[in-house]
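As structure tokens, the structure follows; a few thoughts come after it.
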Amino acid sequence: MASDATAELAIYPGSFDPPTLGHLDLIERGRRIFPRLLVAVLRNAGKQALFTSGERVDMLREACAAMDRVEIAEFDGLLVDFAQERGAGALLRGIRAISDYEYEFQMAWMNRRMAPAVETVFMMPGEAFAYLSSRLVKEVAAGGRSVAGMVTPAVEARLRHKLHLA
Ligand code: PNS
């Protein structure tokens, strides 16, 4: 790991399939702490990904258009390698319920093992988003129910289109 990495730049990685208001809440919180925040979309987010990485990037760019110091990029391979390439000093992750801890700690320990200079920083989203996840949003939308208040109207429209509901 580059020894000159600083927390001037933090990376907020994820699948964002699709981005939710919980993700946007975390981006807002993250940008209050870090001078620059790079939202990094995992290119190959598994076979079950509903949206292409390009679509996920577009949705995030639309949603973050008014947020200065926030950039959106795609990555593949190891997150720590991407962080190293970009000179990021921190990885930002959202923790909702206790059930998130196990998975998040496994990743954070492994990432630290590979890149000790890159610090993982956990933040809590607002309470309203404590039980919100992209997976549940997709299920609710696929069932024909409204996901208003969980995603932006633009993302909701894309979901309806993708799921052939509109
Ligand atoms: O939104 P998600 O699906 O919870 O995000 C998971 C993500 C993208 C952060 C994680 O899967 C990841 O970092 N993938 C890249 C591959 C990698 O670095 N794996 C080792 C993690 S210890």
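Fair warning: this is a prediction, and the values are worked out from it, not measured in the lab. We use all heavy atoms of the structure for the numbers below, so side chains are in, but hydrogens, waters and symmetry mates are not. We count ligands from 1, going down the list as the structure has it; atoms in each ligand are counted the same way.
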Residues in side chain to side chain contact (heavy atoms under 4.5 Å, CB included) with Ile33, at least two apart?
Met123
Return the CZ to CE distance between Phe16 and Met59, rounded to the nearest 0.5 Å.
11.0 Å
In terms of side-chain geometry, is the basic nitrogen of Glu139 or Arg135 positioned less than 4.0 Å from the acidic oxygen of its partner?
yes
With rounding to the nearest 0.5 angstrom, report the CZ to CD1 distance, Phe82 to Ile11.
5.0 Å
Are Asp100 and Arg93 ion-paired here, with the side-chain N under 4.0 Å from a carboxylate O?
no
Sidechain-backbone polar pair: Thr20 side chain, Ser133 backbone, donor-acceptor under 3.5 Å:
no
What are the distances between nitrogen or oxygen atoms of ligand 1 and protein nitrogen or oxygen atoms, counting only those under 3.5 Å?
from     : atom 1 : to    : atom 2 : distance (Å)
ligand 1 : 1 (O)  : Ser15 : N      : 2.9
ligand 1 : 3 (O)  : Ser15 : OG     : 2.5
ligand 1 : 4 (O)  : Arg93 : NH2    : 2.9
ligand 1 : 5 (O)  : Arg93 : NH1    : 3.3
ligand 1 : 18 (O) : Leu79 : N      : 2.8

